[in-house]
Chemist: 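Just dropping this structure here.
When a residue number appears, it is its place in the shown sequence, counting from 1. For ligands, and for the atoms within them, numbers begin at 1 and follow the listed sequence.
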Amino acid sequence: MAYNLLKGKRGIIFGALNENSIAWKVAERAHDEGAIFTLTNVPFAIRLGDTQTLADKCNTVVIPADASNIDDLEALIIKSMELLGGKIDFILHSIGMSPNVRKGRHYSDLDYDFLAKTLDVSAVSFHKVLQVARKLDAINEWGSVLALSYVAAQRTFYGYNDMADAKSLLESIARSFGYIYGMERKVRINTISQSPTPTTAGNGIKMFGNLLDFSERMSPLGNATADECADYCIVMFSDLTKKVTMQNLFHDGGFSSMGMSFSAMEQYNKGCDEEPDHKFD
Ligand SMILES: NC(=O)c1ccc[n+]([C@@H]2O[C@H](COP(=O)([O-])OP(=O)(O)OC[C@H]3O[C@@H](n4cnc5c(N)ncnc54)[C@H](O)[C@@H]3O)[C@@H](O)[C@H]2O)c1
């Protein structure tokens, strides 16, 4: 059901790779809610993914940009303002990538060039987007900028690897830049900490199926889906949340406030007779 919550608003959406992507669902919902926006992704992902199909559906264009490259970001933001006919009201940063996760490096044996890439693409790129947008004065007053995070920023989750460090930095950038952009131009900046979600990035995490099941059992409302995350993003882009800024907003069915649930305890008890394998890899 649509409520015209984003009627008249212009946006830029990063990170729609295929129909499972959280950004894909946000783009569909934003389109339904009356927004106009551009889509963007790295050229490699545009070639391999389905971003153009989404653009056709949403009556828009895809502008290639590596979110860690300042020149690309400048070109993207300038082109988006030209095409959309004015300054931007919302931006979704839905980007994550870790070469250490991809190559199966253990957290105690990280490749530091890979770590630098993880942090640059998954976190510093958020700062770059904000810095470029601010220098171009590209965001309207009461504009809303969101990035997607995960609870591994606060707690340790086996297998999440250096993405946990990236998410901590990402959330910190939202607070630090949120102060500056809020004071100067009333732009709000938040992160949404989403449940594990079966997407290309999600499935790359070690034992992701087990994480999904554990999280489902621990959350009183169950895991939040990508569609539900899109609903939350729309509300955060709308004028209904004008005074929310510098927050990390949990969208996880209650998971982050839980210690142990009945369902998870029951499942744990079933496996208690077996000798646990203490070998971490
Ligand atoms: N899937 C989950 O379980 C989960 C949970 C919480 C948070 N998140 C976060 O949600 C966001 C979106 O991920 P997703 O789950 O939809 O997976 P996804 O794989 O569909 O999206 C990740 C996107 O990042 C893009 N990307 C990678 N490097 C880039 C670069 N240099 N410049 C621009 N774009 C680049 C990819 O092309 C892809 O479109 C990520 O920040 C992810 O960490 C995911």
Chemist: Quick check on Ser193 - does any of its heavy atoms sit under 4.0 Å from an atom of ligand 1?
Modeler: no
Chemist: Between Lys243 and Trp142, is the side chain to side chain contact (heavy atoms under 4.5 Å, CB included) condition met? List the steps.
Modeler: CA-CA 9 Å; Lys243 290 288 172 76; Trp142 303 111; 3.6 Å; yes
Chemist: After noting the C-alpha distance and the side-chain angles of Asp162 and Asn100, does the key distance pass the side-chain hydrogen bond (donor to acceptor under 3.5 Å, both in side chains) rule?
Modeler: CA-CA 7 Å; Asp162 58 350; Asn100 279 305; 2.8 Å; yes
Chemist: Does the pair Lys9 and Asp239 meet the rule for a salt bridge (Lys or Arg N to Asp or Glu O under 4.0 Å), with working shown?
Modeler: CA-CA 10 Å; Lys9 294 201 185 291; Asp239 292 335; 2.9 Å; yes
Chemist: So if I count the atoms of ligand 1 from 1 in the order they appear, which ones are less than 4.0 Å from some heavy atom of Asp66?
Modeler: 30 (C), 31 (N), 32 (N)
Chemist: Do any N or O atoms from the side chain of Lys167 and from the backbone of Leu148 form a donor-acceptor pair under 3.5 angstrom?
Modeler: yes
Chemist: With only distance considered, is Ser149 within less than 3.5 Å of ligand 1 through an N or O on each side?
Modeler: no
Chemist: Could you tell me, atom by atom, which parts of ligand 1 come under 4.0 Å of a heavy atom of Ala45?
Modeler: 37 (O)
Chemist: Could you find the nearest protein heavy atom to atom 21 (O) of ligand 1 and give me its residue, atom name and distance?
Modeler: Gly15 O, 3.6 Å
Chemist: Give me the nearest non-hydrogen protein atom to atom 14 (P) of ligand 1 as residue plus atom name, then the distance to 0.1 Å.
Modeler: Thr199 OG1, 3.4 Å
Chemist: Identify which of Thr197, Asn41, Ile192, Val42 has a heavy atom lying nearest to atom 37 (O) of ligand 1.
Modeler: Asn41
Chemist: Can you list the ligand 1 atoms lying under 4.0 Å from a non-hydrogen atom of Leu148?
Modeler: 9 (C), 10 (O), 11 (C), 41 (O)
Chemist: Is there a side-chain contact between Tyr158 and Met207 in this structure, where contact means two heavy atoms from C-beta onward sitting under 4.5 Å apart?
Modeler: yes
Chemist: Could you tell me the residue and atom name of the protein heavy atom closest to atom 22 (C) of ligand 1, and the distance to it rounded to 0.1 Å?
Modeler: Ser94 O, 3.8 Å
Chemist: What do you reckon, is CE of Met183 surrounded by more than 12 foreign heavy atoms closer than 6.0 Å?
Modeler: no
Chemist: Classify the ring geometry of His31 against Phe37: parallel below 30°, tilted from 30° to 60°, perpendicular beyond 60°.
Modeler: perpendicular
Chemist: Output all residues satisfying side chain to side chain donor-acceptor pair (under 3.5 Å) with Glu74, sequence neighbours left out; order by chain, then residue number.
Modeler: none
Chemist: Going by side chain to side chain donor-acceptor pair (under 3.5 Å), name the residues that satisfy it together with Asp252, two or more places apart in sequence or in a different chain.
Modeler: Ser256
Chemist: Within a distance under 4.0 Å of any heavy atom of Pro196, pick out the atoms of ligand 1 and give their elements.
Modeler: 3 (O)
Chemist: Heavy-atom distances under 4.0 Å are what count here, so tell me which part of Pro198 touches ligand 1: side chain, backbone, both or neither.
Modeler: neither
Chemist: Just jot down the ligand 1 atoms closer than 4.0 angstrom to any heavy atom of Phe208, in number order.
Modeler: 3 (O)
Chemist: Name the orientation class of the two ring planes belonging to His93 and Phe14 (parallel below 30°, tilted from 30 to 60°, perpendicular beyond 60°).
Modeler: tilted
Chemist: Closest by any non-hydrogen atom to atom 17 (O) of ligand 1: pick that one out of Ala201, Ala166, Ala226.
Modeler: Ala201
Chemist: Out of Lys117, Met163, Lys167, whose heavy atom sits nearest atom 43 (O) of ligand 1?
Modeler: Lys167
Chemist: Pairs of nitrogen or oxygen atoms closer than 3.5 Å, one from Asn18 and one from ligand 1: do any exist?
Modeler: no
Chemist: For ligand 1 and Ala67, I'd like to know whether there is a polar contact (N/O to N/O, distance under 3.5 Å).
Modeler: yes
